[in-house]
Amino acid sequence: MLDFSDKDSGGFCKRTPEFIQPLRRALTGWYTANRRTLPWRGTRDPYHIWASEIMLQQTQVNTVIAYYERFIRAFPDIRALADADIQAVLKLWEGLGYYSRARNFHKAAKLVMARRGGAVPDDWDFFLSLPGVGDYIASAVQSIAFGKPEAVVDGNVKRVLARIFEIHAPVNGASSYDIFKETARTLLDPLDPGSFNQAVMELGALICRPRSPLCPDCPASQWCLASASGRVADFPVKIKKPPVPHHHLAIGVVEKKGKLLIVLRPETGLLGGLWEFPGGRINPDETPEAACFRILTESTGIHVSIRSYLTCIRHAYTHFKITADVYICDWASGRVRLNGPARHLWVTPDALHHYPFPKSNHKFMPQLMEAISK
DNA sequence: AAGACGGGGGT
DNA sequence: ACCCCAGTCTT
């Protein structure tokens, strides 16, 4: 339980617990009147709520909506997801990012089928043990779907709490999670935990935004320490991360008798389970053309001749950026012997859309189709 | 405790 | 160009 006399517990010290009830009422009242209509609101299906929460990790609501609709249509219940091919699951996840979410959700569905006959667990320990279910997902699903008194802590909640209570702990510091969790637990409305959790997150998304928050419209402003002191812009406190490295890649689209060579990335790690055109880092003092030839030999065992330069694409990941030169090549000799990729396939250009590809590959796909058709 | 893990949207 | 997002897993 929170120590209300503790100076570091985030501002409760300056108040008595009496303010909590009116603050709760203000938040839930605001949520009832202002909440957005979203596809996963209004369903009571725990599996649908679970799916939405997974997609919403590190991903904004507007991005998720269309993916959610397609996913639920394809896999309306746990059994449908558990029975699906992982490639079908990844195809529906294509472009959403953080593909381990899809792989873990698929594994979790199989586990729930095997252990619970397809019923989403309403017991904390087993649900939390499932792949892809961490403290946030567990709290969100248990509170929203089952009414359990579990407080969620996500980016929105941390920002809202940091401002209301002037919490100095950095929101991206691993050691400060417990402070926000305890604060959220204390504030949580036990009468309707699911709605209260969503109220705080919705407030963070619509009013208590990262930049240019709408304090005059905020139902919590009269209890907000940062607003009172004019320091809303100083919260939340964040540790700055160093700039990310930039890599130069060469990618080779190899054609052989009208078919193109694609390779499957290993199941784990970056873009795991997605298909791509072979590529890799260009070494120092190496021309992109030489790198393209070398990379194809090393990773697929085949020899090629470079037919033409297609284009250059740039793409940013979370922890590095890439610039890639893309070449169209002709198979010259050799049988495919993979070193790195899990599988390979020769496919006709019109079949490419059946396979999940990373965004970086999609960036040159239209130009590729244009060039190949000539 | 720190780093890996995508991609889009806002400023 | 930089920041942020309904975080989790691995080391």
Side-chain angles (χ1 to χ4, degrees), chain A residues 31 35-36 38-41 49-68 90 93-105 107-108 128-141 143-145 150-160 170-178 180-181 184 194 196-206 208-213 233 236 238-246 265-274 276 314-322 356-363:
Chain A
Y31 179 64
R35 68 180 200 162
R36 292 167 287 183
L38 299 173
W40 48 88
R41 288 182 176 159
I49 294 168
W50 184 8
S52 74
E53 294 298 345
I54 291 174
M55 289 186 169
L56 285 162
Q57 288 177 58
Q58 300 292 291
T59 311
Q60 295 185 339
V61 163
N62 286 336
T63 304
V64 167
I65 293 174
Y67 281 92
Y68 172 84
L90 286 171
W93 212 271
E94 182 183 33
L96 198 55
Y98 284 150
Y99 299 95
S100 67
R101 294 182 294 179
R103 302 192 302 265
N104 285 332
F105 195 22
K107 286 179 193 157
L128 184 62
S129 78
L130 293 169
V133 178
D135 188 73
Y136 169 78
I137 296 281
S139 303
V141 173
S143 66
I144 297 170
E150 303 291 346
V152 302
V153 174
D154 74 331
N156 289 307
V157 172
K158 285 191 276 193
R159 185 172 56 257
V160 169
V171 289
N172 57 343
S175 59
S176 53
Y177 184 81
D178 291 345
F180 290 99
K181 183 76 182 183
F196 182 83
N197 280 332
Q198 293 182 83
V200 181
M201 293 190 282
E202 192 80 337
L203 186 75
L206 299 182
C208 197
R209 307 181 299 192
R211 281 171 298 272
S212 54
K238 181 156 247 184
I239 302 165
K240 267 206 68 151
K241 292 295 191 337
V244 297
H246 191 149
R265 295 182 62 92
E267 187 183 339
T268 58
L270 184 73
L271 304 167
L274 272 62
E276 66 181 2
R314 295 168 185 283
H315 193 71
Y317 296 89
T318 304
H319 51 296
F320 62 93
K321 302 177 209 255
I322 61 164
F357 281 85
K359 176 66 179 177
S360 58
N361 278 219
H362 279 292
K363 282 184 173 175

For nucleotides B:dG6 and C:dC4, find the distance between their C1' atoms and express it as a whole number of Å.
14 Å
For A:K238 and A:V171 the tightest heavy-atom approach is CE-CG2, 3.9 Å
Atom CG of A:N104 and atom C1' of B:dC5: how far apart are they, to the nearest Å?
11 Å
A:L270 CG - C:dT8 C1' separation (whole Å)
16 Å
A:T59 side chain to A:L56 main-chain N or O, any donor-acceptor pair under 3.5 Å?
no
Measure the distance from OH on A:Y317 to C1' on B:dG3 and round it to the nearest whole Å.
18 Å
Do A:E276 and A:R265 meet the salt-bridge criterion of a basic N to acidic O distance under 4.0 Å?
yes
Count the heavy atoms belonging to other residues, nucleotides or ligands that lie under 6.0 Å from CZ of A:R41, then report whether that count exceeds 12.
yes
Spacing of the C1' atoms in C:dC9 and B:dG8 (rounded, Å)
23 Å
Whole angstrom is fine here: how far is it from CG in A:N361 over to P in B:dG6?
14 Å
Does A:K241 reach a base, just sugar-phosphate, or nothing at all? Heavy atoms under 4.0 Å.
nothing
Within this structure, what is the NZ-to-P distance between A:K240 and B:dA2, rounded to whole angstrom?
17 Å
Are A:Y317 and A:H315, when compared by the centres of their aromatic rings, separated by less than 6.0 Å?
yes
Would you tell me if any nitrogen or oxygen in the side chain of A:H319 comes within less than 4.0 Å of OP1 or OP2 on B:dC5?
yes
Return one dot-bracket line describing DNA chain B 5' to 3' (Watson-Crick or G-U wobble pairs, both distances under 3.5 Å; ( ) same strand, [ ] crossing, | another strand, . none).
|||||.|||||
Give A:L271 one of three labels, base, sugar-phosphate or nothing, depending on what nucleic acid heavy atoms sit under 4.0 Å from its own.
sugar-phosphate
What pairs with A:Q57 under side chain to side chain donor-acceptor pair (under 3.5 Å), at least two apart in sequence or on another chain?
none
Taking it one step at a time, do A:R36 and A:E202 satisfy side chain to side chain contact (heavy atoms under 4.5 Å, CB included)?
CA-CA 8 Å; A:R36 292 167 287 183; A:E202 192 80 337; 2.9 Å; yes
In terms of side-chain heavy atoms, does A:S176 have a donor or acceptor partner in A:K158 at a distance below 3.5 Å?
no
Once you round to the nearest 0.5 Å, how far does OG of A:S360 lie from CG of A:L271?
6.5 Å
Find every protein N or O atom lying less than 3.5 Å from an N or O atom of nucleotides 4-7 of chain C, and list the pairs.
{"from": "C:dC4", "atom 1": "OP2", "to": "A:K238", "atom 2": "NZ", "distance (Å)": "3.4"}
{"from": "C:dC5", "atom 1": "OP1", "to": "A:R159", "atom 2": "NH1", "distance (Å)": "2.3"}
{"from": "C:dC5", "atom 1": "O2", "to": "A:Q58", "atom 2": "O", "distance (Å)": "3.2"}
{"from": "C:dA6", "atom 1": "OP2", "to": "A:N156", "atom 2": "OD1", "distance (Å)": "2.5"}
{"from": "C:dA6", "atom 1": "OP2", "to": "A:N156", "atom 2": "ND2", "distance (Å)": "2.6"}
{"from": "C:dA6", "atom 1": "O5'", "to": "A:N156", "atom 2": "ND2", "distance (Å)": "2.8"}
{"from": "C:dA6", "atom 1": "O4'", "to": "A:D154", "atom 2": "OD2", "distance (Å)": "2.4"}
{"from": "C:dA6", "atom 1": "N9", "to": "A:Y136", "atom 2": "OH", "distance (Å)": "3.1"}
{"from": "C:dA6", "atom 1": "N7", "to": "A:E53", "atom 2": "OE1", "distance (Å)": "3.2"}
{"from": "C:dA6", "atom 1": "N7", "to": "A:E53", "atom 2": "OE2", "distance (Å)": "3.1"}
{"from": "C:dA6", "atom 1": "N6", "to": "A:R41", "atom 2": "NH2", "distance (Å)": "3.0"}
{"from": "C:dG7", "atom 1": "OP1", "to": "A:G155", "atom 2": "N", "distance (Å)": "3.0"}
{"from": "C:dG7", "atom 1": "OP2", "to": "A:Q58", "atom 2": "N", "distance (Å)": "2.7"}
{"from": "C:dG7", "atom 1": "OP2", "to": "A:Q58", "atom 2": "NE2", "distance (Å)": "3.3"}
{"from": "C:dG7", "atom 1": "N7", "to": "A:Q58", "atom 2": "NE2", "distance (Å)": "3.4"}

Nearest-Å distance, CZ (A:R101) to C1' (B:dA4)?
14 Å
Rounded distance in Å between the P positions of C:dT8 and B:dG9
23 Å
Side chains of A:Y136 and A:E53: closer than 4.5 Å at any heavy-atom pair?
yes
Length of the NZ-C1' vector between A:K321 and C:dC3, whole Å:
11 Å
In terms of the nearest nucleotide of DNA chain B, which residue is placed more toward the 5' end: A:G173 or A:L274?
A:G173
Between A:S212 and A:F357, who's closer to the 5' end of DNA chain B by nearest nucleotide?
A:F357
Under 4.0 Å from OP1 or OP2 of B:dG7: is there any side-chain N or O of A:H315 that close?
yes
Between atom CG in A:N172 and atom C1' in B:dA4, what is the gap in whole Å?
15 Å
